[in-house]
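Remarks on the structure that follows.
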Amino acid sequence: MKIIVLLGAPGSGKGTQAKRLATTSGVVHFSTGDALRASIQEGTVVGKRAQVFMEKGELVPDSIMIELVTQTLAGVGGETKLLLDGFPRTLPQAIALDHNLETKVDQAIYFKMEKEELVKRLTGRRICEQCAEPFHIVFVPPRVEGRCDRCRGGLVQRTDDTESVVRQRLSVFATQNDSLLNYYNGSNRLIELDASLSIEVIHHQLLETI
Ligand code: AMP
């Protein structure tokens, strides 16, 4: 298994790019945020514990996250190229990821973006409630207002994409990010990209990188 981690603030486009790469180039995309939201919908124990933190824009404790990711990745086949989106978010998570599995992280790709640009992106984001396709009221508007272009499902705002929760999520990100960048940079695994470029340009940069 080849593991590539996507680092960057919420709203920097990691999920959009990972979903696209998964459909065009056969890599496997695993998003811890999506996995937690699915657990909440299913009413699992992990979901119930995580929900309290997520609604406040705080991080779910490392112990829960490390167990969730270790269990999920233990079942992934040897030939898989895996894009991890939203994990690791703390240094203990990064260290556990390198030590708990047979494979270490191969590359870390950092999606770099200014804070106020992130606020604009996140608060305008809308997600299809049926297929999870992301849109943006200004930057990626749907053809029909409030409806998904792909499946016609209704578009909703995530409860943690309101401005006050967004600002909390971004400040949590800022406290953890430097230690993660140093960790991967120190082992020559860090690649940085300008996340304010277009979806198309970044997609091609990623195709060349991974
Ligand atoms: P995301 O969809 O990646 O923005 O994640 C949504 C929320 O899920 C975050 O604000 C956290 O509360 C939680 N979460 C997702 N991944 C992690 C992680 N690796 N560590 C801690 N909390 C996480």
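Start at 1 and go down the list; that is how both ligands and their atoms are numbered. Values below: every heavy atom of this structure, side chains too, minus hydrogens, waters and symmetry copies.
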What I'd like to find out is whether the side chain of R126 reaches to under 4.5 Å of the side chain of Q157, using heavy atoms alone.
yes

Throw together a table of side-chain donor-acceptor distances under 3.5 angstrom for residues 201-210, partners on residues two or more places apart or in other chains.
from	atom 1	to	atom 2	distance (Å)
H204	ND1	E200	O	3.0
T209	OG1	Q205	O	2.7

Salt bridge check: are R167 and E163 linked by an N-O gap of less than 4.0 Å?
yes

Exactly which residues line ligand 1, taking a heavy atom under 4.0 Å from it as the test?
T32, G33, L36, R37, M54, E58, L59, V60, M65, G86, F87, R89, Q93, R158, D160, R169

Given side chains that start at C-beta, do those of L118 and S12 come closer than 4.5 Å, heavy atoms only?
yes

Please round to the nearest 0.5 Å and tell me the distance separating atom CZ of F87 and atom CG of L97.
5.5 Å

Between N185 and Y110, is any side-chain donor less than 3.5 angstrom from a side-chain acceptor?
no

